[in-house]
Amino acid sequence: MAASNRMMLGPLVGSIDQGTSSTRFLVFNAKTSELLSHHQVEIVQKFPKEGWVEQDPKEILNSVHECVEKTCEKLQQLNIDITNIKAIGVSNQRETTVVWDKTTGEPLYNAIVWLDLRTQATVDRLLKKIPGKNKSFFKFRTGLPLSTYFSAVKLRWLLDNVEEIKQAVGDGRAMFGTIDSWLIWVCICGKNGGVHCTDVTNASRTMLFNIHSLEWDPELCQFFDIPMEILPKVRSSSEIYGLMKICPSLKSGALTGVPISGCLGDQSAALVGQMCFQDGQAKNTYGTGCFLLCNTGQKSVFSEHGLLTTIAYKLGRDKPVCYALEGSVAIAGAVVRWLRDNLGILKTSQEVEKLAAEVGTSYGCYFVPAFSGLYAPYWEPSARGIICGLTQFTNKNHIAFAALEAVCFQTRELLDAINKDCGVPLNQLQVDGGMTNNKVLMQLQSDILCIPVVKPSMPETTALGAAMAAGAAEGVGIWSLNPGDLTAVTCERFEPQINPEESEFRFARWKKAVMKSMDWVTSDISSNG
């Protein structure tokens, strides 16, 4: 096709958005923030034993290649010149742990997903080494409690239980990384000189990283007995890490030589994509889990109410680091996937909205989806999922409604905690993520919070945040992050439609159900320590 026939849009930025349930590649116009095209592929989650959640790192990589290829094809069909893609950003599911062989480029085990619970026995063993078995012992260094959630205990389990990994570490062949590190290493030359790096936001979710010095912490590595030489180099969230090599599946080789210049854990990317750059601005992302982040600026704030302190972003090598308070819920969209795949009461995830709308109430049924224990604000690994308040009248519609309500109640618990820690209540909630397309859920959320819920018309804020970081990087410079240059976002608002007394009554019943879900597991669910 002659270049003159192609649509000239100015510089474009690509964004790899590798989430827990799917991978996407999206392309944005750097001047207008408009989403031009994207492609999505669902990722298989494996559950080899109760409480175990794994993914195949090669499948994740191939899904990235497929999404890039298909998005480039779609752009060409729209007469958009793909040589205008000037930078690529990466956003990823955080904490999920991969170890690979740097000589062969092959993963040495499946990725252990952030939701996985096999490490509970490892956590219990490590707690015995801490004075008073205090799970918050490292909180002021890492921002995190000792939990199965974070990468260090997953890596410890792999070193204890996988012979190939033990051997590779001994031979100096092993590399550890979260999903961002694995993708960047492969996409920038791989075994032929790949760049082994991560960014500060992902590093802050490992429990091996000092969030003040912004370095791997030798004492933490010693505590978890992790060899520091297998860790990636920590970089800022916005700088050129290297140039994309030809992906084997990219027939066109279209993105060869394009810089990968943005990297953010998915929740930090959504904070950037929602343009929450001011102290006190917050967003809630509804994905596999639910994550409410509140920007606390250049000051790390430590929670008294079960929230995490995490790195929000560092948008350039010489730029300051910004922190956030985070409320994390393990199961949000995952409960809908469970209704679809495990119970079979939905054919598609979208059907949950229709089922819930048909009844408009849970009819006194409450669902606590504590499939991976309870995260914030409880941090209670012994909890398990329960559905209570059932009668002979209860049907699948009521259960579907209760599942959506559960997502909203969990968000209410996070919001209450953030309001207490920050001292200034949020007067509206900015939301994003796949589940926000569900209007019943969004209205329910506003009703249960008793404040407006505000959804941007372009919900792909995670991918947008990674694209913004990539386009703004030094040496790329095609996306301005100056407040005056940021594009105003059009939004949809959902206002509360029930009285606060009813909301409080339902929330109190929910909390009663949560108490009943606790202390369910008393024995070790893992066969290995």
Side-chain angles (χ1 to χ4, degrees), residues 12-19 22-28 38-41 43 55-73 75 82-83 85-94 96-107 111 175-199 201-203 232-266 269 462-463 465-467 469-471 473 475-476:
L12 312 178
V13 179
S15 187
I16 296 166
D17 180 5
Q18 205 300 298
S22 71
T23 299
R24 284 174 287 198
F25 183 69
L26 307 92
V27 174
F28 296 92
H38 75 287
H39 188 76
Q40 180 169 353
V41 173
I43 299 291
Q55 291 176 338
D56 178 355
K58 296 289 283 289
E59 185 198 343
I60 289 173
L61 181 63
N62 291 337
S63 72
V64 169
H65 290 163
E66 183 183 341
C67 288
V68 170
E69 182 71 40
K70 290 283 198 294
T71 303
C72 287
E73 283 173 13
L75 288 171
I82 58 177
T83 62
I85 297 175
K86 301 301 184 191
I88 295 168
V90 176
S91 103
N92 58 288
Q93 52 171 313
R94 304 168 304 168
T96 296
T97 298
V98 188
V99 179
W100 67 95
D101 185 322
K102 66 182 175 188
T103 56
T104 65
E106 294 293 313
M175 282 183 164
F176 153 78
T178 41
I179 296 294
D180 56 308
S181 299
W182 163 241
L183 293 179
I184 290 171
W185 184 81
V186 175
C187 289
I188 305 175
C189 297
K191 62 185 181 182
N192 302 313
V195 174
H196 187 210
C197 69
T198 188
D199 91 300
T201 68
N202 280 295
K233 185 175 181 200
V234 183
R235 315 268 289 264
S236 79
S237 311
S238 177
E239 61 179 271
I240 296 175
Y241 311 112
L243 306 182
M244 187 92 155
K245 73 176 181 70
I246 295 177
C247 296
S249 67
L250 274 178
K251 302 171 197 74
S252 58
L255 302 184
T256 309
V258 176
I260 298 179
S261 53
C263 178
L264 291 148
D266 52 8
T462 301
V476 178

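Here the CD1-CE distance, from Ile16 to Met244, works out to 5.0 Å after rounding to the nearest 0.5 Å. His39 NE2 to Glu73 CD: the interatomic distance, rounded to the nearest 0.5 Å, is 9.0 Å. For the atom pair Leu61 CG and His65 NE2, the distance stands at 4.0 Å (nearest 0.5 Å). Annotation: the span from Leu243 atom CG to Cys187 atom SG amounts to 12.0 Å, rounded to 0.5 Å. Separating the CD atom in Glu59 from the CD atom in Glu66 is a distance of 10.0 Å, to the nearest 0.5 Å.
In this view, Lys58 and Glu106 satisfy the salt bridge (Lys or Arg N to Asp or Glu O under 4.0 Å) rule, not counting sequence neighbours. Qualifying side-chain contact (heavy atoms from CB on, under 4.5 Å) partners for His196, counting only residues two or more places apart in sequence or in other chains: Trp100, Met175, Trp185, Pro232. Every residue two or more places apart in sequence or in another chain that forms a side-chain contact (heavy atoms from CB on, under 4.5 Å) with Ala463 is listed here: Ser15, Asp17, Leu26, Phe28. With sequence neighbours left out, Asn92 forms a side-chain contact (heavy atoms from CB on, under 4.5 Å) with Ile179, Asp180, Asn202. Taking Ser261 as the reference, nothing meets the side-chain hydrogen bond (donor to acceptor under 3.5 Å, both in side chains) condition, with sequence neighbours excluded. Legend: residues meeting side-chain contact (heavy atoms from CB on, under 4.5 Å) with Ser63, ordered by chain and number and at least two apart, are Thr23, Val41, Ile43.
Counting only heavy atoms from C-beta outward, the side chains of Gln93 and Ile60 approach each other to under 4.5 Å. Between Val13 and Val476, the closest side-chain pair of non-hydrogen atoms is not below 4.5 Å.
Not a single donor-acceptor pair under 3.5 Å links the side chain of Ser238 to the backbone N or O of Gly262.
Between Gly265 and Arg94, the shortest heavy-atom distance links the atoms CA-CG, 3.7 Å. Of all heavy-atom pairs between Gly105 and Trp182, the closest is O-CH2, 3.6 Å. When all heavy atoms of Thr462 and Ser91 are compared, the pair lying nearest together is CG2-OG, 3.1 Å. Nearest approach of Phe25 to Gly14, heavy atoms of both residues: CZ-CA, 3.7 Å. Across all their heavy atoms, Tyr241 and Ile188 have their closest contact at C-CD1, 3.9 Å. Across His38 and Thr71, no two heavy atoms sit closer than the pair C-OG1, 3.5 Å.
Test Ile240, Val90, Val195 against Ile260 for side-chain contact (heavy atoms from CB on, under 4.5 Å) and you get one pass: Val90.
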